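Please read these numbers as outputs of a predicted model, since none were measured by experiment.
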Protein chains: 2
Amino acid sequence: MSASGVRARVRAEMTEEIKTVARRHLASDGANLSLRAVARDVGMASSAVYRYFASRDDLLTALIIEAYDSVGSAAEAAMAKPADTDADRLLVLSHAVRDWALADPHQWALIYGSPVPGYQAPQDTIGPATRVIFAIAKIVQEAFTAGRVVPVPEPTGRYAEELAAVAEQFGPGTPPRLVGSAMSAYFQLNGAVSAELFGQLNQTVEDDRRGFFEFQMRGAVAFIGLT
Amino acid sequence: MSASGVRARVRAEMTEEIKTVARRHLASDGANLSLRAVARDVGMASSAVYRYFASRDDLLTALIIEAYDSVGSAAEAAMAKPADTDADRLLVLSHAVRDWALADPHQWALIYGSPVPGYQAPQDTIGPATRVIFAIAKIVQEAFTAGRVVPVPEPTGRYAEELAAVAEQFGPGTPPRLVGSAMSAYFQLNGAVSAELFGQLNQTVEDDRRGFFEFQMRGAVAFIGLT
DNA sequence: AAAATGCAAGAGCAGTGCTCTCGCTATGGC
DNA sequence: GCCATAGCGAGAGCACTGCTCTTGCATTTT
């Protein structure tokens with residue numbers, strides 16, 4: 001009865017509870033969380049979990065997708081805020097991403113850290129994975145179409161053609177260097193956050209890491225011609 | 001007899017063989033290599049390995065130190081090569097680091113990827129860990145003392161003081177922004193390599209990743225004022 | 001020569017991912 | 001309303017993991 005079915009609903013709830021508990025374990029144990037331990041916390045046999053997730057990797061994949069979506073919406077929300085300049089808008093986005101990462105380092109490590117050996121990201125993850133860089137690209141594109149981008153060295157060589165192909169996804173006529181700029185900013189953002197989170201800053205910059213991060217990102221923003 | 005002792009020598013050889021086999025396993029299984037499997041390959045009981053390494057983490061630490069030293073000497077060798085300009089010298093170093101990473105991605109992941117949960121880097125690792133950034137800093141410093149560095153925005157704020165403290169390690173009178181510049185270049189280098197290795201470039205730049213890497217690093221080099 | 005030390009092997013413990021089988025219960029067709 | 005079906009939970013079990021402890025042996029030191 002009940003066309004959608006009671007069964008389907010409790011299944012959805014159960015799936016959600018497992019993910020919630022798993023996320024909690026992720027925060028303490030990192031990517032090598034134990035499926036059995038999660039099952040214990042949920043209060044069921046470990047074998048029962050396999051009714052909801054085909055494997056531990058499947059469970060991790062679900063968490064990865066959620067993490068991508070989470071940081072993606074954080075970035076999009078920051079981008080949507082009013083800002084005086086394009087540079088400010090990108091800086092606000094950068095801080096939003098950094099704040100998200102600091103709030104849950106293991107989730108950051110899960111999606112931007114070294115991939116789990118043997119784990120191959122399934123197709124479902126590539127959509128959510130692109131949200132942050134799309135947000136950055138949108139900022140750059142809007143600045144460009146409004147004629148507010150300072151000229152910047154044009155990419156040349158074979159990779160420039162590959163960038164051109166990607167640029168088509170943003171609408172025809174998008175200049176390749178725009179994609180290159182967005183990717184530069186994106187990778188510098190990721191590099192700065194990862195360096196901070198993975199301990200590369202230890203015993204150098206300890207107190208004012210936020211300030212140092214902003215210094216770095218200001219450089220990145222200037223490099224791609226945003227003012 | 002034999003003051004140093006035969007025992008000590010075979011022990012050193014055994015230690016080396018375990019590390020060699022472990023490095024081979026690292027290349028295929030990544031950071032979650034199995035100590036038992038390594039022991040099997042070496043041809044001894046797993047319990048015997050504990051005579052040489054107190055724990056699996058200890059074995060990993062040994063591999064981490066070796067990896068840091070390996071990439072460090074690669075960077076230093078590249079820096080020592082004759083180059084027309086400071087920018088070229090830093091670019092050559094960058095390519096050397098990238099080539100090293102591409103040759104053995106798991107070793108890169110081991111030292112620059114997400115830290116193994118629960119693993120705390122012991123004191124022995126921080127020395128070798130700094131070799132690459134020291135090489136970069138040396139390039140920047142030499143260019144600076146020779147007066148070949150284009151003026152660059154001076155860091156301000158609390159983190160600038162922390163940079164100043166680090167700068168003292170490079171000799172008195174070293175300007176803080178020099179350290180900031182070296183770190184910027186270093187993190188951008190790491191970010192670019194990690195992005196490429198950890199799959200962030202998938203389905204965008206596929207063929208000419210080397211060219212794209214150079215494009216990014218040229219930006220980084222220009223940003224810190226090297227010509 | 002005797003005592004002390006270093007080493008390797010084996011058994012064993014607690015934990016892991018995952019599979020399979022067994023009952024039970026809610027669901028959908030008649 | 002009845003009944004076959006399909007989904008679900010639990011338990012046992014397999015092969016594996018890191019690590020510890022004990023036992024026997026070889027080597028080194030006294």
Side-chain angles (χ1 to χ4, degrees), chain A residues 1-19 21-22 24-26 28-64 106 110 115-120 122, chain B residues 1-19 21-22 24-26 28-64 106 110 115-120 122:
Chain A
M1 250 264 78
S2 64
S4 73
V6 160
R7 202 110 173 190
R9 212 198 57 228
V10 312
R11 181 182 172 83
E13 284 172 2
M14 204 73 221
T15 307
E16 206 54 43
E17 187 179 348
I18 294 174
K19 281 199 284 185
V21 173
R24 210 166 56 222
H25 279 235
L26 188 71
S28 57
D29 297 346
N32 56 5
L33 60 83
S34 153
L35 196 144
R36 287 180 111 114
V38 171
R40 271 195 300 272
D41 263 26
V42 175
M44 62 173 161
S46 64
S47 56
V49 179
Y50 286 85
R51 298 274 171 197
Y52 299 89
F53 297 94
S55 69
R56 204 193 71 120
D57 274 3
D58 253 44
L59 177 55
L60 278 181
T61 299
L63 295 183
I64 286 174
H106 281 107
L110 190 61
V116 183
Y119 175 82
Q120 194 61 12
Chain B
M1 253 276 71
S2 64
S4 73
V6 159
R7 204 108 174 192
R9 211 197 59 226
V10 311
R11 179 183 175 83
E13 284 172 3
M14 205 72 222
T15 307
E16 206 53 44
E17 187 178 348
I18 293 175
K19 281 199 284 185
V21 173
R24 210 166 55 221
H25 279 236
L26 187 72
S28 57
D29 298 347
N32 57 4
L33 61 83
S34 153
L35 197 145
R36 286 180 113 113
V38 171
R40 271 194 300 272
D41 263 27
V42 175
M44 63 172 159
S46 65
S47 56
V49 179
Y50 286 85
R51 297 271 168 195
Y52 299 90
F53 297 95
S55 69
R56 205 194 70 122
D57 274 5
D58 253 44
L59 177 54
L60 279 180
T61 299
L63 296 182
I64 287 174
H106 282 107
L110 190 63
V116 183
Y119 176 82
Q120 193 62 12

Round to the nearest Å and state the distance from [X] atom [atom1] to [N] atom [atom2].
| X | N | atom1 | atom2 | answer |
| --- | --- | --- | --- | --- |
| B:R11 | C:dC7 | CZ | P | 5 Å |
| B:H25 | D:dG18 | NE2 | P | 11 Å |
| A:M44 | D:dA10 | CE | C1' | 11 Å |
| A:F53 | D:dG9 | CZ | P | 12 Å |
| B:L33 | D:dC16 | CG | C1' | 15 Å |

If you check every side-chain atom of [X], which of [options] has the closest atom?
| X | options | answer |
| --- | --- | --- |
| B:S34 | D:dG9, D:dG18, C:dA9 | D:dG18 |
| A:Y50 | D:dT17, C:dC18, C:dT21 | C:dC18 |
| A:R56 | C:dA8, C:dG17, D:dC8 | C:dG17 |
| B:S47 | C:dG17, C:dG10, C:dC20 | C:dG10 |
| B:R51 | D:dC8, C:dA9, C:dC7 | C:dC7 |

Exercise. What is the distance from atom OH of A:Y52 to atom NZ of A:K19, rounded to the nearest 0.5 Å?
Worked result: 13.5 Å
Any side-chain N or O of [X] under 4.0 Å from OP1/OP2 of [N]?
| X | N | result |
| --- | --- | --- |
| A:Y52 | D:dG7 | no |
| A:R36 | D:dC16 | no |
| A:R9 | C:dT27 | no |

Problem set entry | Heavy-atom side-chain proximity of A:M44 to A:M14 below 4.5 angstrom | yes
Exercise. Do A:R24 side-chain atoms and A:V38 backbone N/O form a donor-acceptor pair below 3.5 Å?
Worked result: no
Exercise. Contact class for A:L59 (heavy atom, under 4.0 Å): base, sugar-phosphate, or nothing?
Worked result: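 Here A:L59 touches no strand at all.
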